[in-house]
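Comments concern the structure below.
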Amino acid sequence: METSGLRTPCSLLALVLLSALVLSPTLAIDVYTDREVYGTVGSRVTLSCSFWSSEWISDDISVSWHYQPDHSREMYSVFHYAKGQPSIDAGVFKDRIEWVGSPKWKDASIVLHNLELTDNGTFTCDVKNPPDVVGKSSYVHLQVQEKGPARAGLILGIIIAVALALVIVVTLLILLIRYCWLRRQARVQRELRPRFSMPC
C-alpha cells in the first residue's frame, strides 16, 4: 500500500512532464484595429485590421468580422474568410462589404460601401492562425455622419477665407494710398523749400 501511494504522485508528475514535452504550446495571436473610424452617408470607409502571429501563415488561417449596432446587445456575423475564400454573410451589409485584406501580409481589412446612418456601431475583427488560436479580438467603432454638416463646414471655411482675403486686400490698398500720399507730401515740401531759402 505504501509503494502504491508513492507511485501515484510520481505517475502524475511524469504524465504532466510528458504532456508538456509532447504537446506544442498554444500561442497567443495579437489583433489590432483603429479605435474610431468616421464616414459620411453614401461614402465608403476602410475598417483596418492587422495581426501578429509567431507562426507561419497557414492555409487554415481564418478571419471573422462581427457587428454590433449602437444601442443594441445583438451581435451579427457579417464577414468570414477561410481556406483562402472570403464570404459575406447575409444581412444589412450584404453586397456592401469588400475584402481588401491579405493574410500573408498580416492584413485582415475590409471596406464598407454606401454607408448609412444605421451602420453606426462596433465592428469586431478576430483572426485565428493555428496553432495560434488564443488571443483577444480587436474592436473599432464606426460613426456615420450626414453630408450636410461637412458641406456647411466647407462653405463656412470658404466664406472665412474670402473675408480674410478681402481684409488683406483692403489693408494693402490703404497702406499703398498712405505711402503714395506721404511721397507726394515729401516731394511738395522739397519743391517749396528752395523758395523759402532764397535771399531777399
Would you say the side chains of [X] and [Y] form a donor-acceptor pair under 3.5 Å?
{"X": "Asn120", "Y": "His71", "value": "no"}
{"X": "Thr122", "Y": "His141", "value": "no"}
{"X": "Ser109", "Y": "Asp107", "value": "yes"}

Path from [X] to [Y] over hydrophobic side-chain contacts below 4.5 Å:
{"X": "Tyr67", "Y": "Ile88", "value": "yes"}
{"X": "Tyr139", "Y": "Phe79", "value": "no"}
{"X": "Tyr32", "Y": "Leu47", "value": "no"}
{"X": "Val111", "Y": "Val45", "value": "no"}
{"X": "Leu182", "Y": "Leu173", "value": "no"}

Requested in this report: Would you confirm whether Lys106, through its side chain, and Trp52, through its main-chain N or O, come within 3.5 Å as a donor-acceptor pair?
Outcome: no
Query raised in the report: With distance as the sole test, does Ser72 use its side chain to make a donor-acceptor pair with the main-chain N or O of Glu74 at under 3.5 Å?
Result: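 Indeed, once roles are kept as given, a pair shorter than 3.5 Å links the two residues.
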Looking at [atom1] of [X] and [atom2] of [Y], how far apart are the two atoms once the value is rounded to the nearest 0.5 Å?
{"X": "Asn114", "Y": "Asp95", "atom1": "CG", "atom2": "CG", "value": "10.0 Å"}
{"X": "His66", "Y": "His80", "atom1": "NE2", "atom2": "NE2", "value": "9.0 Å"}
{"X": "Ile57", "Y": "Asn129", "atom1": "CD1", "atom2": "CG", "value": "4.5 Å"}
{"X": "Leu115", "Y": "Gln145", "atom1": "CG", "atom2": "CD", "value": "11.0 Å"}
{"X": "Ser43", "Y": "Lys147", "atom1": "OG", "atom2": "NZ", "value": "7.0 Å"}
{"X": "Phe51", "Y": "Lys128", "atom1": "CZ", "atom2": "NZ", "value": "12.5 Å"}

For [X] and [Y], which heavy atoms make the closest approach, and how far apart are they?
{"X": "Ser137", "Y": "Asp126", "value": "OG-OD1, 2.9 Å"}
{"X": "Ile61", "Y": "Pro103", "value": "CD1-CB, 4.0 Å"}
{"X": "Asp70", "Y": "Gly121", "value": "OD1-CA, 3.2 Å"}
{"X": "Pro86", "Y": "Tyr81", "value": "N-CD1, 3.8 Å"}
{"X": "Ala28", "Y": "Asp132", "value": "O-OD2, 4.2 Å"}

**Report entry** Cys125 vs Val140, side-chain contact (heavy atoms from CB on, under 4.5 Å): CA-CA, chis, key distance, verdict
**Finding:** CA-CA 8 Å; Cys125 179; Val140 53; over 6 Å; no
Query raised in the report: So do Cys49 and Val31 actually touch side chain to side chain, heavy atoms under 4.5 Å?
Result: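 Heavy-atom side-chain distance check passes, below 4.5 Å.
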**Report entry** Note, Leu117 side chain near Val41 side chain (heavy atom, < 4.5 Å)
**Finding:**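 Side-chain contact under 4.5 Å: yes.
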Report task. Determine, stepwise, if the pair Phe123 / Leu112 fulfils side-chain contact (heavy atoms from CB on, under 4.5 Å). Result -> CA-CA 11 Å; Phe123 290 81; Leu112 298 182; 3.6 Å; yes
Query raised in the report: Do other residues, nucleotides or ligands put more than 12 heavy atoms under 6.0 Å from the NZ atom of Lys94?
Result: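 Result for NZ/Lys94: enclosed.
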Query - Reference residue His113; test side chain to side chain donor-acceptor pair (under 3.5 Å); the match among Arg96, Glu98, Arg44 - result: Glu98
Query - From CA spacing to verdict: side-chain contact (heavy atoms from CB on, under 4.5 Å), Glu36, Leu142 - result: CA-CA 6 Å; Glu36 195 94 13; Leu142 172 63; over 6 Å; no
Report task. Let me see the working for Val92 and Thr118 under side-chain contact (heavy atoms from CB on, under 4.5 Å), right down to the final yes or no. Result -> CA-CA 9 Å; Val92 294; Thr118 54; over 6 Å; no
